[in-house]
Structure formats: structure tokens, C-alpha cells
Amino acid sequence: MSQRLDRAKRYHEAIHQISLQDWDPIGVADIAEAQDEYDGYIHEIHGMLIRHEPRYRLVDHLWWVETKHMGLFGNRQHTEAIADRLIRLREQIEADA
């Protein structure tokens, strides 16, 4: 596998884990049938990370997903912490490249 595809796969797997285990705005992490619940958001988050979009844009995107798309109340501090976790992921993956 090419280095580029390998890196994309690492991003996707890690974003999947973070979104399901850490973010999990609707609380489905322990439901076997819902393990792919947030996979539809991976592509956009991955793109934002590799484009080095500013933190506030990542926070705003996650907040939009939670509060507008999903219709939840959201927890802004938690959303910001998840954005920070995703940025650390980017730094880790890029450091390994």
C-alpha cells in the first residue's frame, strides 16, 4: 500500500475510534449494531485535518453536527476537547510520516 493510502487509512481508523469512543454525542458506543454510526462524518473531518483548517472551524463543524444536524443540545467544552484530540491525532500522524 502506498504511503499516502496508508496514512489515509490511519486517519480514518483513528477518527472512527475518536468519534465513537470519545465524542459519541448520541451515546451508541456500546451498541454493536451502531459501531458505524458516525462514519459518515469521517471524510469531512479527515479533509479538515489534512488541510490544516483552524481549530475553530473543526469545533464549529462538530458543533453543527451535534446541534443542528443531530438536533442535540451539545456540550461545547466537550466538543472543543474532541477537536483538540483530533488535532493531536493529526500532529501524531504527520510526525510519523
Side-chain contact test, heavy atoms from C-beta onward, threshold under 4.5 Å: evaluate it for [X] versus [Y] and give yes or no.
X: H61; Y: E53; result: no
X: T79; Y: W64; result: no
X: I93; Y: L49; result: no
X: L72; Y: I26; result: yes

If I take atom [atom1] from residue [X] and atom [atom2] from residue [Y], how far apart are they, to the nearest 0.5 angstrom?
X: S19; Y: D24; atom1: OG; atom2: CG; result: 8.5 Å
X: E13; Y: L89; atom1: CD; atom2: CG; result: 11.0 Å
X: Q21; Y: Y38; atom1: CD; atom2: OH; result: 10.0 Å
X: L5; Y: R10; atom1: CG; atom2: CZ; result: 13.5 Å
X: I15; Y: M48; atom1: CD1; atom2: CE; result: 11.0 Å

Joint cluster assignment, [X] & [Y], ILVMFWY side-chain distance < 4.5 Å:
X: W63; Y: F73; result: no
X: I50; Y: Y56; result: no
X: M70; Y: V28; result: yes

Checklist entry - In this structure, are over 12 heavy atoms from other groups packed under 6.0 Å from Q77 atom CD? => result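 Atom CD in Q77 is not packed in, count stays at 12 or less.
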
Checklist entry - By salt bridge (charged side-chain N to carboxylate O under 4.0 Å, His left out), which residues pair with D36, not counting sequence neighbours? => result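 Partners of D36 by the salt bridge (charged side-chain N to carboxylate O under 4.0 Å, His left out) criterion come out as none, since no residue qualifies.
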
Item to check | Residues in side-chain hydrogen bond (donor to acceptor under 3.5 Å, both in side chains) contact with Y11, at least two apart in sequence or another chain | outcome: none

Next on the checklist: Can you list everything that forms a side-chain hydrogen bond (donor to acceptor under 3.5 Å, both in side chains) with R4? Sequence neighbours excluded, please.
Outcome noted: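 So R4 forms no side-chain hydrogen bond (donor to acceptor under 3.5 Å, both in side chains) with any residue.
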
Please list, one pair per line, the donor and acceptor atoms closer than 3.5 Å that link side chains of residues 81-88 to other protein atoms, with sequence neighbours excluded.
residue : atom : partner : partner atom : Å
D84     : OD1  : R55     : NE           : 2.5
D84     : OD1  : R55     : NH2          : 3.4
D84     : OD2  : R55     : NH2          : 3.3

Checklist entry - Which residue pairs pass the salt bridge (Lys or Arg N to Asp or Glu O under 4.0 Å) test with at least one member in residues 64-77, sequence neighbours excluded? => result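 Those involving residues 64-77 are D60-R76, R76-E80.
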
Checklist entry - Looking only at atom types and distance, does a side-chain atom of Q35 sit under 3.5 Å from a main-chain N or O of A29, one as donor and one as acceptor? => result yes

Checklist entry - So which pairs with a foot in residues 40-49 pass side chain to side chain donor-acceptor pair (under 3.5 Å), sequence neighbours left out? => result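 Residue pairs passing side chain to side chain donor-acceptor pair (under 3.5 Å), neighbours aside: H12-H46, Y41-H69.
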
Item to check | Side-chain ion pair, D96 and R7, N-O less than 4.0 Å | outcome: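 No salt bridge links D96 with R7.
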
Item to check | Step-by-step side chain to side chain contact (heavy atoms under 4.5 Å, CB included) determination, W23 to L62 | outcome: CA-CA 9 Å; W23 184 39; L62 295 172; 4.1 Å; yes

